[in-house]
Amino acid sequence: MDENLRREIILDHYQNPKNRETVTDEKYIKVNSNNESCIDNINIYILVEDGILKDIKFDGEACAISTSSTSIMIKNLIGKTIDDAIKYINNFEAMVDEKEYDEALLKEGIVYNEIYKQNNRKNCALLPYKGIKNVLNGLKNQKNA
Amino acid sequence: MNREDFPMLEQDIIYLDNGATTLKPKSVIDKTVEYYEKYSANAHRGDYDISYKVDQEYENTRSLVKDYIHAKYLEEIIFTSGATESLNLIVRGFFTNLLEAGDEVLITQSEHAANVIPWFHLANTNGICVNYIPLDDNHYVTLENLKKVITPKTKVISLAHITNVIGDIRPVKEIAEFAHQNNIFVVIDAAQSIGHIPTDVQDLDVDFLTFSAHKMCGPTGVGVLYGKKELLEHVEPLILGGGMNESFDNEHEVYFKDLPTRLEAGTPNIAGVIAFSEAIKYINSIGLDKISEYEKKLRKYLVDKLIDIPYIDLINIESDSGIVAFNVAGIFSQDIAYYLNKYNICVRAGNHCAKILKNEVGVNNTLRVSVYFYNTYEEMDMLVELLSDRDKILKEML
Ligand SMILES: Cc1ncc(COP(=O)(O)O)c(C=O)c1O
């Protein structure tokens, strides 16, 4: 991937993140993600209706990589079923962890395909995925129970 | 100055995180090795030559610390693992027994977690109240503001001598004088001041004072609790075990030894305490007055340049220490730290363990540059140059 394009996409999602908004509506499930080793701290608000991620918002303070990664993740998850969302997340995590992954599923998420080279920033890219994955797995188990 | 004494500085780094910990001169490192190579025995068990040597060296450090802070008695110097342990020891070993529900402890919103959380814990368990002395526009503590908030219930004032984000020097002597007129105890967290400005516990007339060796060129894992002798006598040991007991028998009766041993149970950090002596000697050889003068000049040099960069927000334009806190507008502090790291510049991003300070200064996270005597004007130039080009930052921070 072209380095300038990569930087442009990341900076755009950092400086003008999509869906950045504090939600007070109790229909949204709130989940906090923070990194132990750094100061990133993000809340994600998820609205699930009929097994579909109808809306997702986030707020909080985090670095360029975490913020952009959150913005891109949300953009790509809205409208997905819980199962598809989990699939997207697993695929993203596989990419960051240098495992086999499906490039086509990632859309803009592909900008982090070389983040593994910067060990100290891997967790920044993964930050928003941690919290939301727990919530979605919980919902999935509820449904299956 | 004195850069050649620091092996770490042989590397190509610009170390500007001295508030977190300081670098160690060769003499401190050598002394650590000397203990392990020449007389690696336990302390306080001196039945043979090398063990006796350990006792001598260990107690020599105590004596150097006593002189360094101008304490009256050797027994007033207790070795701990660090400032954090020292603060916990007095809150949990002394004030827990002394304070009653409703009694008030005054701190400020710029204290380090080590001077906040033990008090919060006491509030939760004993029902004391923790309240804040309001800070002035520069985020300083003033005697006037203190006078406004004390009540008959105020029993303790616990403050950093120098704070670790704002870097202001508190008027400790005036505060202690006023506090004692009102029968209030004074606890001073000297972690950030001890290696930077002279400390005279008798002149300041503080009741307790705590600090860590590693912030004054000494080893990690060594700290000091100073307390007035008559108060330390009433500090209950939190750690019980070998070394500190006089005798014990089957009836569970334990007789504790006298100070300071009573509060130093178990095998201490012998190598650390012994090597700490070299740190004190080293700082004394340069002179704290000279160190503090130099830091102030270096800081002013940096601030005068940063102030001209339009997108830099300085949190503490004025400060008598070597600490500068700031933000680059629109860029998260950690991204800047990451960018500077690419040029081997070490600065700290975050809340610096002063998590309630955000209520006071209005921002959660900052970049913190904290200088020491071995930092140079050239290093400040390099930092300023890298911060002067916002496009470069945006381009390279990822
Ligand atoms: C003001 C202040 N107090 C206490 C501490 C705690 O020191 P330590 O971590 O060495 O116990 C620090 C360390 O950053 C500090 O800056």
Side-chain angles (χ1 to χ4, degrees), chain A residues 1-17 20 22 32-43 58-73 95-96 108-128, chain B residues 13 17 19-21 112-113 164-165 311 313 315 325-370 386-387 389-398:
Chain A
M1 177 171 205
D2 176 60
E3 278 310 309
N4 284 329
L5 181 62
R6 182 202 303 282
R7 184 172 300 124
E8 215 171 279
I9 293 173
I10 293 178
L11 278 186
D12 187 43
H13 278 278
Y14 175 44
Q15 296 183 306
N16 313 294
R20 184 175 202 153
T22 302
N32 177 268
S33 287
N34 60 66
N35 267 345
E36 214 160 271
S37 61
C38 68
I39 49 182
D40 295 334
N41 194 345
I42 281 180
N43 294 311
F58 82 101
D59 66 11
E61 270 194 298
C63 70
I65 300 291
S66 288
T67 305
S68 58
S69 182
T70 307
S71 174
I72 290 172
M73 176 192 82
M95 173 187 74
V96 174
E108 278 179 320
I110 197 73
V111 294
Y112 306 105
N113 68 348
E114 289 187 3
I115 202 85
Y116 66 86
K117 291 182 183 164
Q118 298 165 272
N119 239 328
N120 50 353
R121 299 220 104 176
K122 260 166 72 170
N123 284 330
C124 307
L126 289 173
L127 176 75
Chain B
I13 61 162
D17 194 17
T21 195
H112 186 279
N164 67 320
V165 182
Y311 49 81
D313 304 321
I315 309 291
F326 62 96
N327 269 308
V328 175
I331 305 180
F332 195 55
S333 54
Q334 200 151 39
D335 290 319
I336 305 283
Y338 190 76
Y339 160 74
L340 293 173
N341 176 56
K342 290 187 173 171
Y343 294 88
N344 297 329
I345 298 183
C346 313
V347 302
R348 179 93 182 270
N351 53 49
H352 320 295
C353 294
K355 287 186 198 263
I356 47 179
L357 182 64
K358 60 175 183 278
N359 305 328
E360 179 66 33
V361 299
V363 291
N364 260 332
N365 295 306
T366 53
L367 278 159
R368 182 185 69 182
V369 167
S370 44
L386 285 169
L387 290 173
D389 187 343
R390 197 163 185 278
D391 289 339
K392 184 177 158 77
I393 299 174
L394 282 171
K395 201 164 148 212
E396 297 183 5
M397 70 183 196
L398 297 178

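The sequence lines fix the lettering, A, B, ..., with proteins before strands; numbering per chain opens at 1.
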**Prompt:** Where along residues 1-10 of chain A does a heavy atom come under 4.5 Å of chain B, listed by residue number?
**Reply:** A:R7, A:I10
**Asked** Checking B:I336 against chain A: side chain, backbone, both or neither under 4.5 Å from a heavy atom?
**Response** neither
**Request:** Verify the distance criterion only: is there a donor paired with an acceptor across the side chains of B:N327 and B:D313 at less than 3.5 Å?
**Result:** no
**Asked** For B:N365 and B:S333, does a side-chain donor sit closer than 3.5 Å to a side-chain acceptor?
**Response** no
**Request:** Flag the pair A:Y14 / B:I331 as yes when at least one side-chain heavy-atom distance between them is below 4.5 Å, and no otherwise.
**Result:** yes
**Prompt:** Are A:Y112 and A:Y116 near enough that their ring centres are under 6.0 Å apart?
**Reply:** no
**Asked** Counting distance only, does the side-chain N/O of B:Y339 pair as donor-acceptor with the main-chain N or O of B:L386 below 3.5 Å?
**Response** yes
**Message:** Which residues pass the salt bridge (charged side-chain N to carboxylate O under 4.0 Å, His left out) test with B:D17, not counting sequence neighbours?
**Reply:** B:R368
